[in-house]
Number of protein chains: 2
Amino acid sequence: MDKYSCLKIENQLCFPLYACAKEVVRKYKPFLDRIDLTYTQYITMMVLWERNTVNVSELGECLYLDSGTLTPLLKKLETKGLVRRERSREDERVMVITLTEKGLALRDEAVDIPAQMGGCMNLDPEDAAQLYRILYKILKTPSEG
Amino acid sequence: MDKYSCLKIENQLCFPLYACAKEVVRKYKPFLDRIDLTYTQYITMMVLWERNTVNVSELGECLYLDSGTLTPLLKKLETKGLVRRERSREDERVMVITLTEKGLALRDEAVDIPAQMGGCMNLDPEDAAQLYRILYKILKTPSEG
DNA sequence: TGCGATTAAATTGCATACAATATAATTACC
DNA sequence: GGTAATTATATTGTATGCAATTTAATCGCA
């Protein structure tokens with residue numbers, strides 16, 4: 001145990017987290033290609049399928065993304081005809097995102113994807129539950145002590 | 001339980017993985033800023049601190065990254081004077097990356113970072129061990145059945 | 001009521017990521 | 001030995017991500 005052992009990749013917890021997230025998102029790609037969405041676009045649509053209408057900051061809170069990422073992404077979804085972007089009447093600063101008919105219809109094509117991905121991950125239910133619990137524990141940890 | 005419940009964000013396992021990885025990397029930033037490295041540059045240096053010399057494809061296997069990411073990144077580390085990039089004598093296709101004196105010296109400044117990050121994550125040892133085990137289980141799953 | 005502070009998005013700049021393609025060197029094999 | 005196939009990087013193109021800044025609208029409050 002030398003003084004640098006803490007700097008070994010194999011002793012890191014953050015690294016497998018980083019690598020695993022990338023690999024899993026990469027595994028989604030073939031399935032998402034069929035409905036012409038990227039992973040980030042897909043999770044954005046998920047929020048809209050649940051809520052129908054959200055504004056940019058609410059979306060950012062749900063997805064842990066900021067307007068620098070969301071603004072161009074939402075413009076792309078608008079170009080694809082999946083969402084509408086309109087300023088709120090009550091507060092012109094707020095950009096309201098609404099699902100279109102086409103966006104709603106896409107849900108029926110996406111409904112098989114979670115099961116297909118589950119097959120890829122190959123985790124038994126206990127591990128999946130543990131992983132879920134621990135990840136949300138980390139996510140819930142306040143930013144600054 | 002409607003037929004679309006599988007598409008809810010809260011029922012996803014991939015999403016907290018994706019979000020958690022991003023948040024943890026973001027928490028590294030203040031510590032990495034002090035030694036002027038990005039997270040990806042940091043894990044690249046970690047491999048070099050362990051091995052002293054690697055080529056691009058070995059690095060790619062360790063870090064789950066390809067040459068499209070690594071080539072520009074390694075050029076930046078070279079510009080900073082932390083590594084040397086030289087073609088192998090035996091096989092000119094191979095780009096050999098070697099730690100410089102300056103790159104080696106940086107290890108002493110990085111040695112506190114893992115402990116500082118551990119403080120941020122706020123996980124008890126059992127959860128950390130579970131998380132580590134499960135993440136590597138996923139990473140080890142072969143790409144195609 | 002008017003103006004400074006705050007807030008919500010958008011923009012800018014930099015650094016990844018990865019698929020697909022291109023290039024150059026090496027191997028296989030006839 | 002010479003050429004097709006393979007291999008290792010590099011390049012190109014597209015899509016994030018995030019910090020910092022800007023812009024526009026709204027709020028707080030004297």
Side-chain angles (χ1 to χ4, degrees), chain A residues 14-15 18-33 36-45 54-80 83 85-97 143, chain B residues 15 17-33 36-45 54-80 83 85-97 143:
Chain A
C14 180
F15 172 71
Y18 156 87
C20 202
K22 277 194 309 133
E23 290 305 295
V24 172
V25 167
R26 221 163 54 76
K27 282 191 185 170
Y28 260 99
K29 192 171 186 305
F31 305 115
L32 292 176
D33 279 348
D36 190 33
L37 290 181
T38 64
Y39 181 72
T40 317
Q41 291 167 4
Y42 171 63
I43 57 177
T44 301
M45 291 304 292
V54 281
N55 62 48
V56 174
S57 57
E58 287 166 346
L59 211 45
E61 279 171 45
C62 288
L63 302 179
Y64 297 83
L65 293 171
D66 71 3
S67 66
T69 302
L70 289 173
T71 295
L73 185 146
L74 291 167
K75 285 180 179 174
K76 267 167 224 154
L77 292 179
E78 186 182 37
T79 301
K80 294 186 192 198
V83 308
R85 294 169 70 247
E86 291 155 328
R87 291 283 170 179
S88 161
R89 285 290 165 71
E90 308 96 67
D91 186 340
E92 288 280 335
R93 291 171 304 180
V94 174
M95 180 65 82
V96 177
I97 315 299
S143 300
Chain B
F15 173 71
L17 187 61
Y18 156 86
C20 202
K22 278 194 307 136
E23 289 306 295
V24 172
V25 167
R26 219 165 53 77
K27 281 192 185 171
Y28 261 98
K29 191 169 188 303
F31 305 115
L32 292 176
D33 280 348
D36 191 32
L37 290 181
T38 64
Y39 182 72
T40 318
Q41 291 167 4
Y42 171 62
I43 57 178
T44 301
M45 291 303 293
V54 281
N55 62 46
V56 174
S57 57
E58 289 166 344
L59 210 44
E61 279 171 45
C62 288
L63 302 179
Y64 297 83
L65 293 171
D66 71 2
S67 66
T69 303
L70 288 173
T71 296
L73 185 146
L74 291 167
K75 285 180 179 174
K76 266 166 227 158
L77 291 179
E78 187 183 37
T79 301
K80 294 186 193 199
V83 307
R85 294 170 68 247
E86 291 155 329
R87 293 280 170 182
S88 161
R89 286 288 166 70
E90 308 96 67
D91 186 340
E92 287 280 336
R93 292 172 302 179
V94 175
M95 179 65 82
V96 177
I97 315 298
S143 300

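Naming: A, B, ... by sequence-line order, numbering from 1 per chain.
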Look only at the side chain of A/Ser67 and the backbone of A/Leu70, and say whether a donor-acceptor pair between them is shorter than 3.5 Å. no

Rounded to the nearest 0.5 Å, what's the gap from CZ on B/Phe15 to OH on A/Tyr39? Could you check? 6.5 Å

With a 4.0 Å limit, can you tell me whether B/Asn55 has a side-chain N or O closer than that to the phosphate oxygens OP1/OP2 of D/dA8? no

Hey, is the main chain of A/Glu58 close enough, under 3.5 Å, to the side chain of A/Asn55 for a donor-acceptor pair? yes

Starting from P on C/dC14, measure out to CD on B/Gln41 and report it in whole angstrom. 14 Å

Looking only at N and O atoms, is any donor in the side chain of A/Ser67 or the base of C/dA10 less than 3.5 Å from an acceptor on the other one? yes

Which nucleotide in the list D/dT16, D/dC18, C/dA19 gets nearest to the side chain of A/Lys29? C/dA19

Within the 4.0 Å heavy-atom criterion, would you say B/Glu90 contacts the bases, only the backbone, or no part of the nucleic acid? sugar-phosphate

May I ask you to verify if any side-chain N or O of B/Thr71 is less than 4.0 angstrom from the OP1 or OP2 atom of D/dT11? no

Identify whether any heavy atom of B/Thr69 sits under 4.0 Å from a base atom; if not, whether one sits that close to sugar-phosphate; answer base, sugar-phosphate or nothing. base

Rounding to an integer number of Å, can you tell me how far A/Ile43 CD1 sits from D/dT16 C1'? 11 Å

Quick one: does B/Thr69's side chain have a donor or acceptor within less than 3.5 Å of a partner on B/Leu65's backbone? no

Length of the line joining B/Tyr42:OH and C/dA15:C1', which is rounded to integer Å: 18 Å

When you measure from the side-chain N and O atoms of B/Arg89 to the phosphate of C/dT26, is any distance below 4.0 Å, counting only OP1 and OP2? no

Whole-Å gap separating C1' (C/dC18) and NZ (A/Lys27): 16 Å

Does the side chain of B/Arg87 get closer than 4.0 angstrom to OP1 or OP2 of C/dA24 through an N or O atom? no

Taking the side chain of B/Thr40 as heavy atoms from C-beta outward, which of C/dA17, C/dT11, D/dT16 is closest to it? C/dA17

Of A/Glu92 and A/Leu65, whose closest DNA chain D nucleotide lies nearer the 5' terminus? A/Leu65

Which whole-number value in Å describes the distance from A/Leu59 CG to C/dA10 P? 11 Å

What is the distance from CG of B/Leu70 to P of D/dT11, rounded to the nearest Å? 14 Å

Could you tell me whether B/Arg26 and B/Glu23 make a salt bridge, using a distance below 4.0 angstrom between a side-chain N and a carboxylate O? yes

What I want to check is whether an N or O donor and acceptor connect the side chain of B/Arg93 with the base of D/dT9 at under 3.5 Å. no

Check whether any side-chain N or O of B/Arg85 sits under 4.0 Å from OP1 or OP2 of D/dA10, and answer yes or no. yes

If the cut-off is 4.0 Å, is A/Thr38 near the phosphate of D/dT14, judged by side-chain N/O to OP1 or OP2? no

Have a look at B/Asp66 and say if it touches a base, only the backbone sugar-phosphate, or nothing, with a 4.0 Å heavy-atom cut-off. base

Return the nearest nucleotide to the side chain of A/Lys76; candidates are D/dA15, C/dT16, D/dT26. D/dA15

Lys/Arg-Asp/Glu bridge criterion (N-O < 4.0 Å) met for B/Glu92, B/Arg87: no

Length of the line joining A/Lys22:NZ and C/dA15:P, which is rounded to integer Å: 18 Å

When B/Val94 and A/Tyr64 are each assigned the nearest nucleotide of DNA chain D, the 5'-most assignment goes to B/Val94

NA contact type, B/Ser57, heavy-atom cut-off 4.0 Å: base, sugar-phosphate, or nothing? sugar-phosphate

OP1 or OP2 of C/dT16 versus the side-chain N and O atoms of A/Tyr18: is any pair under 4.0 Å? no

What's the CG-P distance between A/Asp33 and D/dA15, to the nearest Å? 12 Å

